[in-house]
Amino acid sequence: MRFGKRVPRSFYRRDPREVAPDLLGKILVAADGRAGRIVEVEAYCGEIDPAAHSYRGKTARNATMFGPPGHMYVYFTYGMHWCANAVCGDAGVGLGVLIRALEPLAGLARMRAARPRARRDRDLCSGPARLTQAMGITGAHDGIDLVTGRSGYSLVDDGVEANGVAGARIGISRATDALWRWYLPDNENVSRR
DNA sequence: TTAGAGATGATC
DNA sequence: ATCATCTCTAAG
């Protein structure tokens, strides 16, 4: 791959609270050359996590979360936004990591075209719905495999170290005490700076 | 720079 | 009614 080597499926087959901090620094790559480094993530922990879509079991919307790890769960929210997760753990359990922000690395012109309202480049991918817009991710991509990248998006590792800090998750009303958000504290592309 | 509210529709 | 959000507007 152009930006790094494939993140293997075994990476995802773990507790999302382990996967999430390890995902910081990895790169989300689109087939058309758009790419961004992950700088903010949140873990969602299935049946033990009241804030997770999968908390009450499998439904039509969250079915991808209960599928194999390393696939992308894309959901629609607030009537207008798409958000993307990496499915974690074993199939059938309903675990995932929400990708909340990217540092734009390549294909900036395409990202700006996809988000004409973004005033500065740091506004392109600094939020879960912003990054899907910038990267061209929609519900059409729900369930695609991020390991093989055969459906247009993949996650790769270029070896750059990224040490994050933990905090409370954003935009939820239950399980607000769990420190299951990780981000790079000095990165300008993190949401809610 | 920050705070508040509207947009907009699927979900359960 | 709620929601894993964003953007604009108004005010400081």
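Within every chain, numbering begins at 1; the chains are lettered A, B, ... in the order of the sequence lines, protein sequences first and strands thereafter.
- Side-chain contact, A:Ser126 with A:Arg130: a donor N or O sits under 3.5 Å from an acceptor N or O.
- The side chain of A:His53 contributes an N or O atom lying less than 4.0 Å from OP1 or OP2 of C:dA4.
- Expressed to the nearest 0.5 Å, how far CG of A:Leu124 lies from CZ of A:Arg110 amounts to 14.5 Å.
- Under 3.5 Å, the side chain of A:Tyr75 and the base of C:dA4 form at least one donor-acceptor pair of N or O atoms.
- Between A:Arg115 atom CZ and C:dC8 atom P the separation is 10 Å, expressed in whole Å.
- If you check every strand for non-hydrogen atoms under 4.0 Å, A:Arg56 touches nothing.
- In this structure, A:Met80 places its CE atom 9 Å from P of B:dA7, rounding to the nearest Å.
- Between A:Ala118 and A:Gly171, it is A:Gly171 whose nearest contact on DNA chain C lies nearer the 5' terminus.
- Contact annotation: A:Ser173 side-chain N/O to C:dC3 OP1/OP2 distance is under 4.0 Å.
- A donor-acceptor contact closer than 3.5 angstrom is absent between the side chains of A:Asn62 and A:Ser54.
- Remark: C1' of C:dT5 and CG of A:Leu98 are 11 Å apart, rounded to the nearest angstrom.
- Among the heavy atoms of the strands lying under 4.0 Å from A:Ala129 are primed sugar atoms or P, OP1, OP2 only; no base atom is included.
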Inset, instruction - With side-chain contact (heavy atoms from CB on, under 4.5 Å) as the test, would you mind laying out the steps for A:Arg181 and A:Ser191 before giving the verdict? - result: CA-CA 11 Å; A:Arg181 170 180 180 244; A:Ser191 70; 4.1 Å; yes
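- A:Leu131 has its CG atom 13 Å from the C1' atom of C:dA4, to the nearest Å.
- In this structure, A:Val97 and A:Arg117 both approach DNA chain C, and ranking their closest nucleotides by distance from the 5' end singles out A:Val97.
- A:Leu102 contributes atom CG, which lies 14.0 Å from atom NZ of A:Lys26 (distance to the nearest 0.5 angstrom).
- The phosphate of C:dA4 has neither OP1 nor OP2 within less than 4.0 Å of any side-chain N or O from A:Arg181.
- Base pairing analysis places C:dC3 opposite B:dG9; the two distances defining the Watson-Crick or G-U wobble pair are each below 3.5 Å.
- No aromatic stack links A:Tyr78 and the base of B:dG9, using centre distance under 5.5 Å and interplanar angle under 30°.
- A:Asp142 places its CG atom 16 Å from the P atom of C:dA4, with the value rounded to the nearest Å.
- Between C:dT7 and A:Arg130, a contact under 4.0 Å exists linking OP1 or OP2 to a side-chain N or O.
- One can place CZ of A:Arg61 at 10 Å from C1' of C:dT2, the figure rounded to the nearest angstrom.
- Per the geometry, CZ belonging to A:Arg169 stands 11 Å off P belonging to C:dT5, to the nearest Å.
- B:dG6 sits 16 Å from C:dA1 when the P atoms are compared, rounded to a whole Å.
- One distance of note links CZ of A:Arg100 with CG of A:Leu23; it measures 14.0 Å at 0.5 Å rounding.
- For the OP1/OP2 pair of B:dC12 and a distance below 4.0 Å, the side-chain nitrogens and oxygens of A:Thr59 include at least one atom meeting the criterion.
- In this structure, A:Arg100 places its CZ atom 11 Å from C1' of C:dC6, rounding to the nearest Å.
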